[in-house]
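The block underneath contains the structure these notes are about, expressed in structure tokens.
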Amino acid sequence: MAMTYITGGIRSGKSEYAERLANEKTNVLYVGFGVITDDEMQERIEAHQKRRPNHWGLLSNPTELPIIGSTNETNKAILVDCLSTWLANRCMSIPEEELKSKDHQETILLELQNWLEQIKQLTEHVIIVSSEVGLGGVALYRLGRFYQDVLGKMNQLTAEAADEAFAVMSGLPLRLK
């Protein structure tokens, strides 16, 4: 198994870089979390779809990290794009008054850690994309701060578990490990 973690800001080119890496494999399963909530989000999802080859598989559940079994195929990649969208979807179901509680944060981080352990057992090359939140200011609202705190920790855990990690800035991948 090889796990590659790719992070970067919004519109940094991280998804395009991940797609190029995945495209080096014959068989690709794309795991997406996008939800069409308005016309602009529909355009974003369609842009991602147009970039991907038609023969790639698709698995999409907005709020669940997928249980993926190993296929033992020698030239297979699983592209997960992206953890930050998955977390955003999860955050929408948390009542605002519960955001101060550590319970939700701990539950989400435990779910991620269990999923990363499962991913380590796969024979496929797994490419995980997530948005970087550590370069901006602290959010003004409780939900934004919760999101930043949890995603920051999720990104750290994923980078630590990965065999290699990249930050993409202005379309250029920078190797972190």
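Note that the structure is a prediction, hence the values are computed from the model and not measured.
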With a 6.0 Å cut-off (strictly less than), is the heavy-atom count around [atom1] of [X], excluding the residue itself, greater than 12?
{"X": "M41", "atom1": "CE", "value": "yes"}
{"X": "K102", "atom1": "NZ", "value": "no"}
{"X": "D38", "atom1": "CG", "value": "yes"}
{"X": "L110", "atom1": "CG", "value": "yes"}

Taking Q113 for its side chain and M154 for its backbone only, find out whether a donor-acceptor pair lies under 3.5 Å.
no

Nearest non-hydrogen partners of [X] and [Y], listed with the distance:
{"X": "V133", "Y": "G152", "answer": "CG2-N, 3.8 Å"}
{"X": "S131", "Y": "T7", "answer": "C-OG1, 3.7 Å"}
{"X": "S84", "Y": "S130", "answer": "N-OG, 3.7 Å"}

Give me each pair satisfying salt bridge (charged side-chain N to carboxylate O under 4.0 Å, His left out) with a member in residues 147-173, each pair once, sequence neighbours excluded.
E164-R175

Are [X] and [Y] within salt-bridge range, i.e. N to O under 4.0 Å?
{"X": "R20", "Y": "E16", "value": "no"}
{"X": "E19", "Y": "R52", "value": "no"}
{"X": "E132", "Y": "K14", "value": "no"}

Would you call the rings of H104 and F146 parallel, tilted or perpendicular, taking 30° and 60° as the class edges?
perpendicular

Criterion ring pair (Phe, Tyr, Trp, His ring centres under 6.0 Å) on F166 and Y17, from CA distance to verdict
CA-CA 10 Å; F166 295 89; Y17 179 64; 5.4 Å; yes

Checking side chain to side chain donor-acceptor pair (under 3.5 Å) for the pair Q121/E117: CA distance, chi angles, key distance, verdict?
CA-CA 7 Å; Q121 306 307 313; E117 286 300 318; 4.8 Å; no

Quick one: do the T63 and N89 side chains pair a donor with an acceptor below 3.5 Å?
no

